[in-house]
Novice: 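Take this structure first; my questions come after.
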Amino acid sequence: MAHRGVSSRCPESTRAGFDMAVAQRADAIECDLQLTADNQIVICHDTTLERYGHSGVRIGEITLVDLQQLDMGSWFAAKFSQQRLLSLEEMLSGYGSIIRLCLEVKTDELTESQCDVLVKKLTDSVCSHQLQNQIVFLGFDSKTMQHIRNVAPWAWLALNTHEPHQIDESALHDRPWLNGVDGNIKQLSKPVVEMLHRHELASLTFTCDSKDDVLKAWDLGVDAIITGDPEYACEIIRQHRQQNIAS
């Protein structure tokens, strides 16, 4: 899965990175959703655009139209200066039919009513594009994930966690809506992956950009590796398998 697109080679959360993910034949694109001031959904990881060269700009305080005027590529390299933020509608219409999308719902700074708006607009948009079978929903907040399940019984849900080693049988029992767990590779272990598989849940892991992390994820037997460079990750795995066959 391409983490915010091919974010090792292109500015994250831009069409350039998403197009490269398709070109690299990634199995999926992972990206993040934020709610704008006019209750539209935009593709961006951060709630502010500080890291992308726009000091003082907060997504929740700006309309979608104004946000899409901003250069979202020059911070990475000058040749990407024409890259702009994509709306959820652009993401779904441009990529939903050609590659699976893993949509991470960001609600940290939202009120309960704003969260309701985001979830409804998100699930309605997926349905209007008839992409129910192409979408994975990710999120760190259990309440939001359960809300998605209540609104959209068809949804495939994975809980993000930086502490997968804290996931145990009781945690799974308390979250019967789960389809998978997306855990930080640094904390993920074989017993956790095996426990998830015993419960017929998928094991995903983020963010595997180094050779060591890719090989650890492979050896753990996870179902999905989230990486900023799918082509590089696949080459690491290919070489690893060849070495094992040769030995």
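Just the heavy atoms: all of them, side chains too, but no hydrogens, waters or symmetry mates, feed the values below.
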Novice: Would you say that more than 12 heavy atoms from the other residues, nucleotides or ligands in this model lie under 6.0 Å from the CZ of Arg25, or not?
Specialist: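 No, CZ of Arg25 has 12 or fewer neighbouring heavy atoms, counting only those of other groups under 6.0 Å.
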Novice: Hey, could you give me the CD/CG distance between Glu61 and Leu67, rounded to the nearest 0.5 Å?
Specialist: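 Nearest 0.5 Å value for the CD-CG distance: 10.5 Å.
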Novice: Taking the side chain as everything from C-beta on, heavy atoms only, tell me whether Leu101 gets closer than 4.5 Å to Ile99.
Specialist: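 Yes, close enough: below the 4.5 Å cut-off.
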Novice: Quiz question: by atom type and distance under 3.5 Å, do the side chains of Glu90 and Gln68 form a donor-acceptor pair?
Specialist: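 Yes, a side-chain donor-acceptor pair sits under 3.5 Å.
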Novice: Are Lys106 and His45 packed together at the side-chain level, in the sense that at least one heavy-atom pair is separated by less than 4.5 angstrom?
Specialist: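 Yes, side chains in contact.
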Novice: Are His162 and Phe206 close enough that their ring centres sit under 6.0 Å apart?
Specialist: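 Yes.
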Novice: Enter the distance from Cys102:SG to Leu204:CG here, rounded to the nearest 0.5 Å.
Specialist: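 Rounded to the nearest 0.5 Å, the SG-CG separation comes to 7.0 Å.
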Novice: Taking the side chain as every heavy atom from C-beta outward, state whether Val193 and Leu188 have any pair of such atoms under 4.5 Å apart.
Specialist: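 Yes; the side chains approach each other to less than 4.5 Å.
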Novice: Evaluate the side-chain proximity of Leu178 to Leu172: yes if any heavy-atom separation is below 4.5 Å, no if none is.
Specialist: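 They are in contact (side-chain heavy atoms under 4.5 Å apart), so the answer is yes.
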Novice: Quick one about Asp38 and Thr36 (side-chain donor to acceptor, distance below 3.5 Å, no hydrogens or angles considered), yes or no?
Specialist: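 Yes.
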Novice: Got a sec: does the CG of Asp27 have more than 12 other heavy atoms crowding it under 6.0 Å?
Specialist: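 Check fails, neighbour count at 12 or below.
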Novice: Would a hydrophobic clustering, with Ile, Leu, Val, Met, Phe, Trp and Tyr connected at side-chain separations under 4.5 Å, put Ile29 with Met20?
Specialist: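 No; tracing contacts between hydrophobic side chains, which count when under 4.5 Å, never links both residues.
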Novice: Are Leu88 and Val126 co-members of a hydrophobic cluster defined by side-chain heavy atoms under 4.5 Å apart?
Specialist: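 Per the 4.5 Å side-chain linkage, Val126 and Leu88 are co-clustered.
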Novice: Working to the nearest 0.5 angstrom, can you tell me the gap between Glu104 CD and Gln34 CD?
Specialist: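 Going from the CD atom of Glu104 to the CD atom of Gln34 covers 9.0 Å.
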Novice: With distance as the sole criterion, is a donor-acceptor pair present between the side chains of Arg175 and Ser142 under 3.5 Å?
Specialist: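 Judged by distance alone, the side chains do pair up.
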Novice: Is Glu169 atom CD crowded by more than 12 heavy atoms from other residues, nucleotides or ligands, each under 6.0 Å away?
Specialist: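 More than 12 heavy atoms, drawn from other residues, nucleotides or ligands, come within 6.0 Å of this atom.
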Novice: Do Gln166 and Thr161 have side chains that approach each other closer than 4.5 Å (heavy atoms only, starting at C-beta)?
Specialist: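 Not touching, per the 4.5 Å side-chain cut-off.
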Novice: Hydrophobic clustering (ILVMFWY, side-chain heavy atoms < 4.5 Å, transitive) - are Leu70 and Trp75 grouped together?
Specialist: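 Trp75 and Leu70: one cluster.
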Novice: When hydrophobic residues are tied together by side-chain contacts of less than 4.5 Å, even through go-betweens, does Leu85 share a cluster with Phe76?
Specialist: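 Yes, one cluster joins them.
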Novice: Between Asp141 and His147, does a side chain to side chain donor-acceptor pair (under 3.5 Å) hold up when you go through it step by step?
Specialist: CA-CA 10 Å; Asp141 182 58; His147 186 186; over 6 Å; no
Novice: Carefully, step by step, assess Arg9 and Glu231 under the rule salt bridge (charged side-chain N to carboxylate O under 4.0 Å, His left out).
Specialist: CA-CA 11 Å; Arg9 304 190 192 185; Glu231 189 173 67; 3.3 Å; yes
Novice: Do Glu30 and Leu138 touch side chain to side chain, with heavy atoms closer than 4.5 Å?
Specialist: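 Yes; the side chains approach each other to less than 4.5 Å.
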Novice: Can you find a pair of side-chain heavy atoms, one from Phe80 and one from Cys10, that are under 4.5 Å apart?
Specialist: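 A side-chain contact exists here, since the closest heavy-atom pair is under 4.5 Å.
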Novice: Distance only, no hydrogens: is a donor on one side chain within 3.5 Å (strictly under) of an acceptor on the other, for Asp19 and Tyr95?
Specialist: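 Yes, because at least one side-chain N or O of Asp19 sits under 3.5 Å from a partner of the opposite role on Tyr95.
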Novice: If you compare all heavy atoms of Asn184 against all heavy atoms of Thr205, which two are closest, and at what distance to 0.1 Å?
Specialist: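 Heavy-atom minimum between the residues: C-OG1, 3.9 Å.
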Novice: Please determine if Arg51 and Glu12 form a salt bridge, counting it only when a charged side-chain N lies under 4.0 Å from a carboxylate O.
Specialist: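 Salt bridge flag = yes for Glu12 with Arg51.
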Novice: Is it the case that Asp229 and His3 place a side-chain donor and acceptor less than 3.5 Å from each other?
Specialist: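 No, no side-chain donor-acceptor contact under 3.5 Å.
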Novice: Under 4.5 Å between side-chain heavy atoms, counting indirect links through other Ile/Leu/Val/Met/Phe/Trp/Tyr residues: same cluster for Met1 and Leu86 or not?
Specialist: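 Result: no, two separate clusters.
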Novice: Assess the side chains of Glu89 and Ser125: does a donor N or O sit below 3.5 Å from an acceptor N or O?
Specialist: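 Looking only at side-chain atoms, Ser125 and Glu89 do form a donor-acceptor pair, the distance falling under 3.5 Å.
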Novice: For the pair Thr63 (side chain) and Ala37 (backbone), establish whether a donor and an acceptor sit closer than 3.5 Å, ignoring hydrogens and angles.
Specialist: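 Pair absent, no side-chain N/O of Thr63 close to backbone of Ala37.
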Novice: How about CG on Asn133, more than 12 heavy atoms from neighbouring residues, nucleotides or ligands closer than 6.0 Å, or not?
Specialist: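 Atom CG in Asn133 is not crowded, with 12 or fewer foreign heavy atoms closer than 6.0 Å.
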Novice: State, yes or no, whether a side-chain contact exists between Cys44 and Leu49 at a heavy-atom distance under 4.5 Å.
Specialist: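 Yes, side chains in contact.
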Novice: Take atom CD in Glu112; do more than 12 heavy atoms of anything else shown fall under 6.0 Å from it?
Specialist: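 No, CD of Glu112 has 12 or fewer neighbouring heavy atoms, counting only those of other groups under 6.0 Å.
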Novice: Are a donor atom and an acceptor atom from the side chains of Asp46 and Thr48 found within less than 3.5 Å of each other?
Specialist: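 Short answer, no.
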Novice: Measure across Ile43 and Cys31 and return the closest heavy-atom pair with its distance rounded to 0.1 Å.
Specialist: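 So the minimum-distance heavy-atom pair works out to CG2-CB, 3.7 Å.
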Novice: Once you measure the plane-to-plane angle for Phe137 and Trp154, does it fall in the parallel (<30°), tilted (30-60°) or perpendicular (>60°) bin?
Specialist: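 If you compare the ring of Phe137 with that of Trp154, the planes turn out tilted.
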Novice: For a quick check under 3.5 Å, do Gln243 and Gln239 share a side-chain donor-acceptor pair by atom type?
Specialist: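 Distance-only check fails for Gln243 and Gln239.
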Novice: Under 3.5 Å, is there a donor-acceptor pair between the Asp71 and Gln83 side chains?
Specialist: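 No, no side-chain donor-acceptor contact under 3.5 Å.
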